[in-house]
2 protein chains.
Amino acid sequence: MRETVNLRRLSEVLGLSQTTVSRALNGFPEVNERTRARVVEAARRLNYRPSASAASLATGKACAIGHVVPLAEHMMINPHFSDFLAGAGEVYAQFGYEMLLRVVAQAEEADVYRDFASRSRVDGVVVHGPLTNDPRIPLLKSLGLPFVVHGRCDDGAGDYSWLDVNNRRAFCRATGFLADLGHRRIALINGLEAMNFASRRRQGYESVLVERGLDQDPSLIFSEDMVEPYGYRVARQMFSSPRPPTAILVSSVLPAMGVVRALAEFGIRPGADVSIIAFDDCLSFLQMASEGKARDVPFLTAMRSSIREAGRRVAEMLLEQIAAPDGGRRHELWEAELVIGETTAPRPVEQTPLPAAAKS
Amino acid sequence: MRETVNLRRLSEVLGLSQTTVSRALNGFPEVNERTRARVVEAARRLNYRPSASAASLATGKACAIGHVVPLAEHMMINPHFSDFLAGAGEVYAQFGYEMLLRVVAQAEEADVYRDFASRSRVDGVVVHGPLTNDPRIPLLKSLGLPFVVHGRCDDGAGDYSWLDVNNRRAFCRATGFLADLGHRRIALINGLEAMNFASRRRQGYESVLVERGLDQDPSLIFSEDMVEPYGYRVARQMFSSPRPPTAILVSSVLPAMGVVRALAEFGIRPGADVSIIAFDDCLSFLQMASEGKARDVPFLTAMRSSIREAGRRVAEMLLEQIAAPDGGRRHELWEAELVIGETTAPRPVEQTPLPAAAKS
DNA sequence: AAATATTCCCAAAGCGCTTTGAGGAGGAGA
DNA sequence: TCTCCTCCTCAAAGCGCTTTGGGAATATTT
C-alpha cells in the first residue's frame with residue numbers, strides 16, 4: 001500500500017533537480033559529497049529505488065539473463081539443471097542481475113531467443129545441454145545476443161564462449177581404473193547421446209575398451225535420460241542376462257541410485273560383487289557420493305565436478321562478456337576429480353553365481 | 001546483428017501513426033480489419049515485437065512473477081522446489097508472463113520483496129515453504145504485492161490465497177493404514193518442523209499413535225532437511241538400535257531412497273521385513289514410486305500429490321488475482337492419494353532378528 | 001439536404017529514468 | 001576589475017511504448 005516514490009518526488013523533497021539526484025545515486029563524480037550524502041539518506045528514508053523498466057528503457061540494458069528450461073515431452077526440470085541455476089543465480093543476484101526462466105517445449109526454444117532479443121528482455125543467455133552442431137549457436141549469433149554455452153558443440157569451437165568438463169578424459173580415466181582392477185566387462189549407462197557431453201563420454205569409454213582389449217558388447221551400453229528408474233531398469237536387465245558386467249559406469253548419480261536399488265534386490269553387493277563408478281555433479285540434495293558409512297569415505301566411487309560451481313563460473317563469464325562485448329571469447333575445460341569410494345574393488349575371482357561363461 | 005525495429009519505424013513503413021499500429025496489434029476494435037491485417041503482416045515480416053521495458057513503463061505492468069529461492073547456508077535449490085517451478089513456469093509462459101528467480105540467503109528474502117515492489121519488477125510473487133506465522137505474509141501485504149502461498153501459515157488463514165495439501169490427513173491415513181497392518185512401532189522421518197507442512201504431518205502421525213495406542217518413542221522421530229543422506233543416516237541409526245521400528249513414514253522420496261539404501265546394507269527387505277510409506281511429490285526425475293518390478297505396481301507405497309501440478313495451479317491463482325485484485329482470496333486444500341506399492345505388508349510375525357523385547 | 005452516428009485514424013501527452021549540453025557561483029590569475 | 005577555470009547543478013531531450021481526446025471521413029438517420 002505504501003506509496004511508490006519516484007525520482008521526481010524524491011528530487012522535489014530534496015529541492016534538487018532529477019539530474020542531480022540521479023547522478024548522486026549513480027556515483028557520478030561531479031556531485032558534491034555532502035549533496036550525495038543527503039540524497040542517499042533521503043532515498044533510503046523514503047525507500048526510493050529506480051523503476052526497473054524505466055531504467056532499462058533509458059539505458060538500453062535489461063540487467064537480466066535468460067535461461068530456457070526445456071520441457072521435453074512429459075518431462076522435467078532436471079536436478080542437474082536446477083543446481084546449475086542455483087549457482088548462476090547466486091552470481092546474478094550479487095551483480096544486480098535478474099535471472100529469468102522460460103519453461104517451454106524444446107521446439108519453441110528458438111522463438112524464445114528471438115523474443116528475448118527483439119523485446120530486449122535480457123542482455124544475454126546461457127545455452128544448456130548443447131547438441132553436436134547445435135542450431136542455437138548460429139541463431140544466437142545472428143540475433144546478436146551474447147551467450148555462453150555450458151558444454152560444447154564441437155571440437156573446433158573457438159568462436160563462442162563455453163565452459164565444459166573434460167568428459168572424454170574423465171571416462172577414459174574411470175574406464176582405465178576399472179581395467180586396472182581387472183574388470184573386462186564394463187557397462188556404460190550413459191545419458192542421451194544426442195547431447196554432446198554424452199557422446200564424449202562414450203568416446204572416452206570406448207577408446208579405453210579398444211586400447212586395453214576389453215569386451216565390447218553393445219548390450220552393455222545404454223543411452224537415455226538420466227533419471228533414477230532408468231538405472232534401475234537397465235541394471236535389472238543386465239543382471240538377468242547370462243553374462244552380466246562386473247563393473248558399471250553411470251553418467252549421473254541419479255541412475256546410479258537406481259542401479260544400487262536394483263542390485264539390492266538381486267542381493268548383489270556394490271563394491272564387493274560389482275564395481276560402480278558414477279559421474280557425480282555434486283547435486284546438493286543428494287550427496288550420496290560424499291557421505292558413506294565411515295566418515296570421509298564416500299559411498300560411490302565417482303568422477304566429480306560441481307555443476308553448481310560451473311553455474312557460477314558460466315554466469316561470471318557471461319557477465320564479463322556483456323560488460324566487454326569485444327573482449328574475445330573464453331573457454332574453460334575443467335577436469336573432473338576421480339574420487340575413490342566403496343563401490344569399486346578388484347574383479348571378484350569367482351564369477352557372480354549366474355550361468356556365465358568363464359573366460360580368462 | 002539484425003536491426004531491432006521499433007514502433008516508430010514500423011509505423012513509418014506502413015504509413016500509419018504509431019497509435020493505429022499499436023492498437024491494431026493489441027486487438028483494439030476501432031481499427032479496420034484490413035488495416036489490422038496489413039499491420040500484423042508487416043510486424044511479422046519485420047520481426048517487430050514491442051520492447052518489454054517500454055511496455056511495462058507505459059502500462060505499469062511488469063508481466064513477471066517473482067520467486068525467491070532460499071539459499072540456506074551451504075544449500076540447495078531442492079528438487080521439490082524446482083519441480084514446482086517447472087509447473088508454474090509452464091503457466092507463466094502460456095500467459096506471456098516472465099518467471100524471475102532470485103537466489104539469495106534466507107535473511108535477505110524480505111529485501112528482495114521490497115526491491116520487487118519498489119522497483120515494480122514483478123506483478124506478484126509466490127511464497128514458498130511457509131513457516132507457522134510467517135513474517136513474509138504481513139510484509140507482502142504492507143507492500144501491496146499480490147501473492148499466493150504454497151502451503152499455509154496457520155489455520156485461520158482466510159486473508160490470503162493459498163494452495164496446500166492436506167498433510168495432516170495424509171499422515172493420519174498412512175499411520176492408520178500401518179496400524180491396520182499390525183504395526184505398533186512406527187518411525188517418522190519428517191522434514192524441518194519449522195515448516196508448517198512438516199508440523200502438520202507430525203500432528204497427523206501423532207494423533208493416530210494416541211488414538212490407537214501405538215508406541216510413542218521420541219527416538220523414532222526425526223526432523224531435518226529432506227535429502228537422501230538424511231534418510232540413510234537415520235535408518236542406519238534406528239536399525240542399529242535394540243528396538244527398531246517395523247514401519248517407517250518418510251516425508252519425501254528423497255530420504256526414502258536413503259532409507260532403502262541403508263536397509264539394503266543391513267539385508268533388510270522393504271515390504272517383507274519393514275514397511276515404508278513415503279510422501280511422494282511426483283518428482284519428475286525419479287518416479288521410484290511409480291515404477292516397480294511388475295508393470296503398474298509401484299515400488300514405494302506412497303501418499304502422492306504432484307508438486308508440479310500444485311505449481312501450475314498456484315500460478316493460475318496468482319495470475320487470476322493479479323487480473324482481479326478485488327476478487328477475494330482463494331484457498332485450495334488438496335487430498336493426497338494413498339497408493340499401495342510393494343513396500344508395505346503386515347507386520348512380520350517373528351521379529352527381525354535383533355535383540356528386541358517381544359511385546360504382543 | 002442537414003443532422004447525427006459510426007468508423008477509422010492521428011497528434012501529443014505521459015510512464016520514470018538517464019544523459020546531453022549548458023549555465024550559475026565562486027575562486028584564482030591577469 | 002575582468003577573465004578564465006573548476007565545481008556543482010539544472011532544464012530538456014530522449015528511450016519505445018500506451019492512451020487520451022479529439023477529428024476527418026463515411027454511413028445513417030431525420
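Residues meeting the side chain to side chain donor-acceptor pair (under 3.5 Å) test with B:Glu320, sequence neighbours left out: B:Arg330. Residues passing the side chain to side chain donor-acceptor pair (under 3.5 Å) test with B:Thr19, sequence neighbours excluded: none. In this structure B:Ala37 satisfies the side-chain contact (heavy atoms from CB on, under 4.5 Å) test with no other residue, sequence neighbours excluded. Here B:Asp111 pairs with B:Arg114 under the side-chain contact (heavy atoms from CB on, under 4.5 Å) rule; sequence neighbours left out. Listed by chain and residue number, A:Arg152 satisfy the side chain to side chain donor-acceptor pair (under 3.5 Å) test with A:Asp164 (two or more places apart in sequence, or in another chain).
Between its two ends, the helix from C:dA1-D:dT30 to C:dA30-D:dT1 turns its axis by 60°, counting five pairs per end and rounding to 10 degrees.
Counting heavy atoms from C-beta outward, A:Pro70 and A:Phe81 have side chains that approach closer than 4.5 Å. Taking the side chain as every heavy atom from C-beta outward, A:Arg329 and A:Asp159 never approach each other to under 4.5 Å. Counting heavy atoms from C-beta outward, B:Arg313 and B:Met317 have side chains that approach closer than 4.5 Å.
Applying the ring pair (Phe, Tyr, Trp, His ring centres under 6.0 Å) test to pairs two or more places apart or on separate chains, those with a residue in residues 90-110 of chain B are B:His67-B:Tyr92.
Remark: C1' of C:dC15 and CZ of A:Arg9 are 18 Å apart, rounded to the nearest angstrom. A:Glu12 places its CD atom 15 Å from the C1' atom of C:dC17, with the value rounded to the nearest Å. Distance B:Leu7 CG to D:dT18 C1': 9 Å, rounded to the nearest Å. We find that CG of A:Asn26 is positioned 13 Å from P of C:dT20, with the value rounded to whole Å. Between the CZ atom of B:Phe28 and the C1' atom of D:dT20 there is a distance of 11 Å, rounded to whole Å. One can place CG of B:Leu14 at 15 Å from C1' of C:dC10, the figure rounded to the nearest angstrom. Distance NZ (A:Lys61) to P (C:dT19): 11 Å, rounded to an integer number of Å. Rounded to a whole Å, the CD atom of A:Glu30 is 11 Å from the P atom of C:dT19.
Remark: A:Leu57, A:Ala58 in residues 50-59 of chain A come within less than 4.0 Å of DNA chain D through at least one heavy atom. Near DNA chain C, meaning a heavy atom under 4.0 Å away, there are no residues from residues 32-41 of chain A.
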Where do N or O atoms of nucleotides 11-13 of chain C meet protein N or O atoms at under 3.5 Å, pair by pair?
from, atom 1, to, atom 2, distance (Å)
C:dA11, N7, B:Thr19, OG1, 3.4
C:dA11, N6, B:Thr19, OG1, 2.5
C:dA12, N6, B:Thr19, OG1, 3.4

Identify the pairs formed between an N or O of the protein and an N or O of nucleotides 23-28 of chain C at a distance under 3.5 Å, and give each distance.
none

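Atom CG of B:Asn6 is separated from atom CG of B:Leu46 by 11.0 Å, given to the nearest 0.5 angstrom.
The pair B:Glu108-B:Arg102 does not count as a salt bridge, with every side-chain nitrogen at least 4.0 angstrom from each carboxylate oxygen. A salt bridge does not link A:Glu41 to A:Arg38: none of the charged side-chain nitrogens sits closer than 4.0 Å to a carboxylate oxygen. A salt bridge does not link A:Asp115 to A:Arg121: none of the charged side-chain nitrogens sits closer than 4.0 Å to a carboxylate oxygen.
Regarding contacts with the backbone of D:dC10, every side-chain N or O of A:Arg23 stays at 4.0 angstrom or more from both OP1 and OP2. At C:dT18, one or more side-chain N or O atoms of A:Ser22 fall inside 4.0 Å of OP1 or OP2 (strictly under the cut-off). Proximity of B:Asn6 to the phosphate of D:dC15: no side-chain N or O atom is located under 4.0 Å from OP1 or OP2.
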Side-chain donor-acceptor distances from residues 58-65 of chain A under 3.5 Å, at least two apart:
from, atom 1, to, atom 2, distance (Å)
A:Thr59, OG1, A:Ala55, O, 2.8
A:Thr59, OG1, A:Lys61, N, 3.1

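Minimum interatomic distance between B:Thr4 and A:Ser118 (heavy atoms only, all atoms of both residues): OG1-O, 4.3 Å. For the pair A:Val127 and A:Arg136, the tightest heavy-atom approach, listed with the atom from each and the gap, is CG1-CZ, 3.6 Å.
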